[in-house]
Amino acid sequence: MRDTLVLNASFEPLSTVTLNRAVVLVLQDKAVVEQAHPELRMRGADLDIPAPRVIRLCRYVRVPFRRQAPWSRRGVLVRDRHRCAYCGRRATTVDHVLPRSQGGQDTWLNTVAACAEDNHRKANRTPDEAGMALLREPFEPTPADAMLLALGAEDFEALPAWLARDAA
Ligand SMILES: [Zn+2]
């Protein structure tokens, strides 16, 4: 996997992201290419750009490196790539692993993205009580996730279908 280095608007290195994410940031005018791969290009119907090796954000973002990124429902959905933690389908809701009715808190480690159906089915029960297994454990956002959250990301994984990667 080729990763792309992301610089803040102030040129300070922030993080690395996947090449896909880097291209989407550029296509969404959230970043500009500072340095490109000499031989790798991204080609589509109306596009032919060098694959970015280093990009720079157009707007300065404050990324909490030492401090934990603040919890939010949107953040949980972005962290989990909008995938349900119980079935892997598209998630639009946030589930408390330990339900709020049992003292569960709004924290990164107690919340996961969930589809509405599974969230409803699990209701006010723990995964054990509901007989529902977590496909993955919740985790603190990575520095890359924290940066994308600070940028207002909804979902940077999705590449336009017409955009192909082409190593010349
Ligand atoms: Zn589900």
(message) Test side chain to side chain contact (heavy atoms under 4.5 Å, CB included) on Ile49 and Arg43; report intermediate values, then the result.
(response) CA-CA 7 Å; Ile49 59 167; Arg43 291 200 173 102; over 6 Å; no
(message) Please determine whether side chain to side chain contact (heavy atoms under 4.5 Å, CB included) holds for the pair Leu7 and Leu57, giving the CA-CA distance in whole Å, both sets of side-chain angles, and the decisive distance to 0.1 Å.
(response) CA-CA 6 Å; Leu7 308 178; Leu57 300 178; over 6 Å; no
(request) Output, in order, the C-alpha distance, side-chain angles, deciding distance and verdict of side chain to side chain contact (heavy atoms under 4.5 Å, CB included) for Ile55 and Val26. (result) CA-CA 8 Å; Ile55 61 173; Val26 171; 3.9 Å; yes
(request) Take Thr126 and Val97 through the test side chain to side chain contact (heavy atoms under 4.5 Å, CB included) and record every step on the way to the result. (result) CA-CA 6 Å; Thr126 65; Val97 178; over 6 Å; no
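Rounded to the nearest 0.5 angstrom, Cys58 SG and Asn8 CG are separated by 11.0 Å. Taking OG1 from Thr92 and CZ from Arg90, the interatomic distance works out to 8.0 Å, rounded to the nearest 0.5 Å. If you take CZ on Arg21 and CG on Leu19, they are separated by 12.5 Å, rounding to the nearest 0.5 Å. Atom CZ of Arg81 sits about 11.0 Å away from atom CZ of Arg83, to the nearest 0.5 Å. Atom CZ of residue Arg53 and atom CG of residue Asp3 lie 12.5 Å apart, to the nearest 0.5 angstrom.
No side-chain heavy atom of Met42 sits under 4.5 Å from any side-chain heavy atom of His37. Counting heavy atoms from C-beta on, the side chains of Arg136 and Leu134 never come closer than 4.5 Å.
A distance-only check finds no donor-acceptor pair linking the side chain of Thr4 to the backbone of Ala22 [under 3.5 Å]. Judged purely by atom type and a 3.5 angstrom limit, Lys122 has no side-chain atom pairing as donor or acceptor with the backbone of Ala114.
For the side-chain hydrogen bond (donor to acceptor under 3.5 Å, both in side chains) with His96, the qualifying choice from Thr107, Asn110, Thr111, Asp106 is Asp106, the only one to do so. Shown are Arg73, Arg74, Arg79; of these, the side chain to side chain contact (heavy atoms under 4.5 Å, CB included) with Val76 is made only by Arg79.
Here the closest heavy-atom approach between residue Thr93 and residue Leu77 is recorded as O-CD2, 3.7 Å. Summarising the geometry of Leu5 relative to Pro13, their closest heavy-atom pair is CD1-CB, 4.3 Å, with the distance given to 0.1 Å. What you find for Leu98 and Gly103 is that their closest heavy atoms are CD2-C, 4.3 Å. Summarising the geometry of Cys84 relative to Ala91, their closest heavy-atom pair is N-CB, 3.6 Å, with the distance given to 0.1 Å. Residues Asn124 and Pro99 approach most closely at C-CG, 3.5 Å, considering heavy atoms. The two residues Ala9 and Arg56 make their nearest non-hydrogen contact at O-NH1, 3.5 Å.
Residues Leu40 and Leu27 share a single hydrophobic cluster, defined by chaining ILVMFWY side chains whose heavy atoms lie under 4.5 Å apart. Under the 4.5 Å side-chain contact rule for hydrophobic residues, Val6 and Val61 share a cluster. No continuous path of hydrophobic side-chain contacts links Val54 to Val17 [ILVMFWY only; heavy atoms under 4.5 Å]. A single hydrophobic cluster is not seen to contain both Trp108 and Phe139; linkage of ILVMFWY side chains at heavy-atom distances under 4.5 Å, directly or through other members, places them apart. When the side chains of ILVMFWY residues are joined at heavy-atom separations under 4.5 Å, either directly or via intervening members, Met132 and Val94 end up in two distinct hydrophobic clusters.
A salt bridge links Asp118 and Arg121; the closest N-O separation between the charged side-chain nitrogens and carboxylate oxygens is under 4.0 Å.
If you check the side chains of Asn119 and Tyr86, you find no donor sitting under 3.5 Å from an acceptor.
When the shell of 6.0 Å around CD of Glu117 is examined, it contains 12 or fewer heavy atoms from other residues, nucleotides or ligands. Other residues, nucleotides and ligands contribute at most 12 non-hydrogen atoms within 6.0 Å of the CD atom of Gln105.
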